[in-house]
Asker: 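Let me give you the structure first, and then I'll get to my questions.
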Amino acid sequence: MKQIIKICLLAGILVSCNSTDKSKTDEVKPQKETKAETTTEKDYSSYKEIDTDEALLATALMAAPKESRANCKVIGYNMAGDFVTFREGNNQFIVLVDDPKKSGFNAACYHKDLEPFMARGRELRAEGKSASEVFDIREEEVKSGKLDIPSGTTLHIYYGKNTVYNPETSEVADAKLRYVVYMPWATVASTGLPEVPIAANHPWIMNPGTHRAHIMISPINKNY
């Protein structure tokens with residue numbers, strides 16, 4: 001029985017990187033819950049729909065470290081469907097709001113030095129390029145030096161299936177956090193990390209040996 005539970009946990013974690021409705025950044029992907037992660041039903045009667053620009057901004061900031069939220073730059077699609085700057089910032093983070101036109105909830109916070117890489121991805125997707133085309137184009141651009149992904153830069157993802165939030169705390173119903181640390185060209189050999197998690201909450205390396213190699217860390221709870 002213990003072996004079966006372990007297999008279920010590993011399968012749930014692996015699925016986190018392979019399916020998405022709302023991919024605004026490369027790793028902004030919802031994660032299917034495992035049986036071990038299910039919780040008792042909560043009362044969300046006091047929660048409200050995320051249906052204003054103010055709500056988009058407030059909930060997106062939950063992706064950033066608490067101590068940094070006041071000074072993050074915030075960008076993304078507003079309720080009218082325009083890609084805008086919600087506010088300027090002066091620290092190391094850029095926050096990307098949830099896209100209100102897509103199902104579920106996905107907000108992200110990433111180091112400002114990743115913006116050229118992220119912006120290039122948005123540009124290519126707007127041109128109609130497929131995920132594999134975006135990957136290949138940026139791979140060549142990073143190799144040539146045209147594009148840079150600073151090693152050790154981070155991406156924080158706040159995601160979930162619900163689109164209601166607590167207006168007092170800005171918490172989105174049942175949303176969780178996941179983390180990415182970019183390490184271009186890193187491999188299993190250079191990091192000592194496995195290509196698949198060996199246990200729940202265990203870090204692992206995704207896209208090893210490529211420009212988009214990164215460490216994945218998927219918390220088993222939403223404490224932050």
Side-chain angles (χ1 to χ4, degrees), residues 13-14 16-18 20 23-31 60-76 85 88-97 106-125 131 134-159 175-224:
I13 296 170
L14 287 173
S16 68
C17 290
N18 293 321
T20 183
S23 53
K24 297 186 291 297
T25 67
D26 290 38
E27 279 70 47
V28 180
K29 300 178 181 180
Q31 181 179 30
L61 286 172
M62 298 297 285
K66 187 174 182 179
E67 64 275 11
S68 301
R69 292 172 188 168
N71 298 305
C72 295
K73 180 178 181 179
V74 183
I75 62 176
T85 297
E88 295 292 346
N90 59 13
N91 66 13
Q92 71 271 36
F93 291 117
I94 293 177
V95 169
L96 190 65
V97 304
N106 261 299
C109 169
Y110 54 86
H111 195 280
K112 63 183 181 181
D113 289 349
L114 284 169
E115 176 57 10
F117 175 72
M118 297 298 185
R120 182 61 171 146
R122 293 194 296 267
E123 178 183 29
L124 292 170
R125 285 188 286 271
V134 171
F135 185 98
D136 292 341
I137 291 170
R138 290 195 297 188
E139 175 98 353
E140 289 304 315
E141 292 180 347
V142 174
K143 284 180 178 178
S144 70
K146 181 178 179 180
L147 200 59
D148 183 40
I149 306 176
S151 183
T153 46
T154 60
L155 167 70
H156 308 201
I157 305 157
Y158 188 54
Y159 68 101
K176 299 179 181 180
L177 280 161
R178 185 165 70 253
Y179 308 95
V180 168
V181 181
Y182 285 95
M183 298 182 67
W185 319 116
T187 65
V188 171
S190 69
T191 63
L193 292 170
E195 289 192 51
V196 294
I198 61 176
N201 206 33
H202 192 282
W204 54 290
I205 187 167
M206 186 176 182
N207 299 133
T210 73
H211 74 288
R212 213 178 68 176
H214 56 275
I215 298 171
M216 292 287 297
I217 306 170
S218 298
I220 55 177
N221 58 49
K222 59 181 179 181
N223 294 328
Y224 49 93

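No experiment lies behind these values; they were computed from the predicted model shown. Values reported hereafter were calculated over all heavy atoms of this structure, with side chains retained and with hydrogens, waters and symmetry mates removed.
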Asker: Looking at every non-hydrogen atom in both residues, tell me the closest pair between Leu114 and Thr154 and how far apart they are.
Answerer: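 Leu114 and Thr154 have their closest heavy atoms at CD1-O, 3.6 Å.
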
Asker: Is there a side-chain contact (heavy atoms from CB on, under 4.5 Å) between Arg138 and Leu124 once you walk through the steps?
Answerer: CA-CA 9 Å; Arg138 290 195 297 188; Leu124 292 170; 4.1 Å; yes

Asker: Give the minimum heavy-atom separation between Val134 and Gly121, together with the two atoms involved.
Answerer: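 So the minimum-distance heavy-atom pair works out to CG1-CA, 4.3 Å.
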
Asker: Apply side-chain contact (heavy atoms from CB on, under 4.5 Å) to residues Trp204 and Glu195 and explain how you reach the verdict.
Answerer: CA-CA 6 Å; Trp204 54 290; Glu195 289 192 51; 5.6 Å; no

Asker: Decide, yes or no, whether a salt bridge links Glu123 with Arg120 under the criterion of side-chain N to carboxylate O below 4.0 Å.
Answerer: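 Yes, this pair counts.
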
Asker: Measure from the side-chain N and O atoms of Glu141 to the backbone N and O of Lys146, and report whether any donor-acceptor pair falls under 3.5 Å.
Answerer: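 Pair absent, no side-chain N/O of Glu141 close to backbone of Lys146.
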
Asker: Is it the case that Arg212 places NZ or CZ above or below the six-membered ring of Phe135, under 6.0 angstrom from the centre and within 45 degrees of the axis?
Answerer: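 Ring-cation test returns no.
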
Asker: Which residues satisfy the side chain to side chain donor-acceptor pair (under 3.5 Å) test with Glu140, sequence neighbours excluded?
Answerer: none

Asker: Check ring-ring contact (aromatic ring centres under 6.0 Å, His included) between His111 and all other residues, then give those that pass, not counting sequence neighbours.
Answerer: none

Asker: For Lys73 and Phe93, what are the C-alpha separation, side-chain angles and deciding distance, and is it a side-chain contact (heavy atoms from CB on, under 4.5 Å)?
Answerer: CA-CA 7 Å; Lys73 180 178 181 179; Phe93 291 117; over 6 Å; no

Asker: Check whether any side-chain heavy atom of Glu115 sits under 4.5 Å from a side-chain heavy atom of Ile75, and report yes or no.
Answerer: yes

Asker: May I ask you to test the Ser190-Pro208 pair for a side-chain heavy-atom distance under 4.5 Å?
Answerer: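 No, too far: nothing below the 4.5 Å cut-off.
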
Asker: Decide yes or no for Val180 and Tyr110: does some side-chain heavy atom of the first lie under 4.5 Å from some side-chain heavy atom of the second?
Answerer: no

Asker: Does a side-chain heavy-atom distance below 4.5 Å link Val181 with Tyr179?
Answerer: no

Asker: Any side-chain heavy-atom pair from Lys176 and Tyr159 closer than 4.5 angstrom?
Answerer: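 A side-chain contact exists here, since the closest heavy-atom pair is under 4.5 Å.
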
Asker: Within the structure provided, determine whether Arg178 and Met216 are in side-chain contact (heavy-atom separation under 4.5 Å).
Answerer: yes

Asker: Carefully, step by step, assess Thr187 and Ile205 under the rule side-chain contact (heavy atoms from CB on, under 4.5 Å).
Answerer: CA-CA 7 Å; Thr187 65; Ile205 187 167; 5.6 Å; no

Asker: Identify the heavy atoms of Val188 and Pro194 that sit nearest to each other, and give their distance.
Answerer: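 Nearest heavy atoms, Val188 then Pro194: CG2-C, 4.5 Å.
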
Asker: Considering non-hydrogen atoms only, spot the tightest contact between Pro65 and His156 and give its length.
Answerer: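 Scanning both residues, the minimum pair turns out to be CG-CE1, 3.6 Å.
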
Asker: Within the 4.5 Å heavy-atom criterion, are Asn91 and Cys72 side-chain neighbours or not?
Answerer: yes

Asker: List in chain and number order the residues that pass side chain to side chain contact (heavy atoms under 4.5 Å, CB included) with Ala131, two or more places apart in sequence or in another chain; answer none if no residue qualifies.
Answerer: none

